[in-house]
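Notes for the one structure printed next.
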Amino acid sequence: QKHRQQLFSLNYFVVILVGSLIRILLSHAPNLKRWLEHRVEIATPLTSWNRVLEGIFIKDSIGLASAYESDLVHEIPVMLKIYKLLLALFGNQLISYAFILVDILSATLMLMLAPRIINHMTRVETIEHQSGKYKRLIDSFESEEECIKTMDKFLINTQTLNPTFWSHVAFAVLFLNPFSICSCVAQSTIVIHNFILLLWFCFLLNNQTILSFFFLALHANITVYSLVFVVPSISFLIQKSVTHSLAPHKTNKLSIIIQHLALFFTLTALVFGFNLFLEDNSTRFIESTYLFILKVPDLIPNLGVFWYFFTEMFEHFRLFFTYVFQINVFIYTIPLTIRLRNDPIVNIFIQLGLISCLKSYPSVGETGFYLSFLPLLSYLFAYMRNIIVYSVMLIVSTILAPIMFYLWLGGGGGNANFYFAITLVYSIGQIFLLVDIFYASLKREFIKTNGAKIPKAKNGASGVFSLE
């Protein structure tokens, strides 16, 4: 009860009030709202609310058998039903308040799950410390006093990573960052997609596997890239099983992997079957949803790299490079999970970022979402190297993207290279951030297991950490 009171304090209501007022004021500025709705950085073919309305109109008003008769709708049938329900509850005039409400629920969910993430990481390091895993680190200190003092500052605990404080920071970053606000005002469906992902993560932390994998299966039907999250999810469950087991060495990891893979793909198939049922067993929606994401037929400019590359490419090379680009999103999940098996939270963060950056139709709403988890990794900040570089890259590219887009298609003073150069900076900035997080995690793990003193090279020179 006391912990809940600390979380839902005055700070919570102030952030909710300020964030909601900003969203309401911007939603009542029709010119700005219309401009945001048509920004390619915010509303993609997969997340545009105007396309959702088109699909509902096609099916209900025109009376066609399927919303996918046109080439505009790319949401799965289940989600179209949910959006139709929201329209029935709020009406077209008040639907913006539904998006604000979902944003509030997402931020509140973040505030509730953030302390659980921190408590899980604290428990893992406490158990590892007690089991003697950090013996070489302890032995590297010259005195017991230095050891106690340094270990208290080094390991994750309530002093180095205060759950209440950092939970409020993550909550505020999610609710007040410009990417989230713009996505909400533009009524991008990424707001609802992110809420589903948060439900997956929340139930995963609570060990409610069926519910967690159900929401992950739903999100994997919305965007096929989310299939990769089943791997870090199982890695997290294995770590949790080991840390809560009285006999960790007897934990049957293979059994956990098989059971949860079977559960996830069963739930994914059930969601797919329900989509099929809603479409009267018509498979037309498959081409407009799953295959649309993978084939990338719509080359409208966006923050990704697919559109420019495929616009310039000869048609007979297209299929090969489509495979190459798409495999690039999926290929990292198993190597990352193996290497970060002791840090599944860091693994999930990196994979969220990779998908946001490398998918075929990215938007700023996904970037704002995964960056809100960054405060929960603040214990890694001391080991990161280039924070200023990629922070400036992300800020500058975000500001210049609409300017370069206007110079290209509005003012006529530029060409496609202007806009693509900025999207490239935006993507590279995110890759630099994710690589730096990965480097910081590995560096900290090395220190934990090998000691605080960096080994010297054969020539006697001081050693340096490098990521190879």
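In this structure, Phe292 has its ring center no closer than 6.0 Å to that of Tyr68. Here the two rings, on Phe171 and Tyr12, have centers that are under 6.0 Å apart. Taking the ring centroids of Phe229 and His219, they lie at or beyond the 6.0 Å cut-off.
The pair Glu75-Arg51 does not count as a salt bridge, with every side-chain nitrogen at least 4.0 angstrom from each carboxylate oxygen.
Every residue meeting the salt bridge (charged side-chain N to carboxylate O under 4.0 Å, His left out) condition with Glu366, not counting sequence neighbours, appears here in chain and number order: Lys359. Every residue two or more places apart in sequence or in another chain that forms a side chain to side chain contact (heavy atoms under 4.5 Å, CB included) with Phe320 is listed here: Val324. Scanning for side chain to side chain contact (heavy atoms under 4.5 Å, CB included) contacts around Phe306 gives Val296, Phe310, Phe325, Gln326, Ser360, with sequence neighbours left out. Partners of Arg339 under the salt bridge (charged side-chain N to carboxylate O under 4.0 Å, His left out) rule, at least two apart in sequence or in another chain, are Glu445.
The only option from Ile355, Leu358, Leu434 that meets the side chain to side chain contact (heavy atoms under 4.5 Å, CB included) definition with Tyr332 turns out to be Leu358.
Asp103 and Ser180 make their closest contact through OD2-O, 3.8 Å (heavy atoms, listed as atom of the first residue, atom of the second, distance). For Ile222 against Ile293, the heavy-atom pair with the smallest separation is O-CD1, 3.6 Å.
Classified by interplanar angle (parallel below 30°, tilted 30° to 60°, perpendicular above 60°), the ring pair Phe274/Phe277 is parallel. Ring geometry for Tyr419 against Trp307 counts as tilted: the plane angle lies between 30° and 60°, on a 0 to 90° scale.
Side chains of Tyr426 and Thr367: a donor on one and an acceptor on the other come within 3.5 Å. Asn302 and Thr44 form no side-chain donor-acceptor contact under 3.5 Å, judged by distance and modelled atom types alone.
The salt bridge (charged side-chain N to carboxylate O under 4.0 Å, His left out) contacts involving residues 78-91 comprise Asp60-Lys84, where partners must be two or more places apart or lie in separate chains. The side chain to side chain donor-acceptor pair (under 3.5 Å) contacts involving residues 268-278 comprise Asn275-Tyr290, where partners must be two or more places apart or lie in separate chains.
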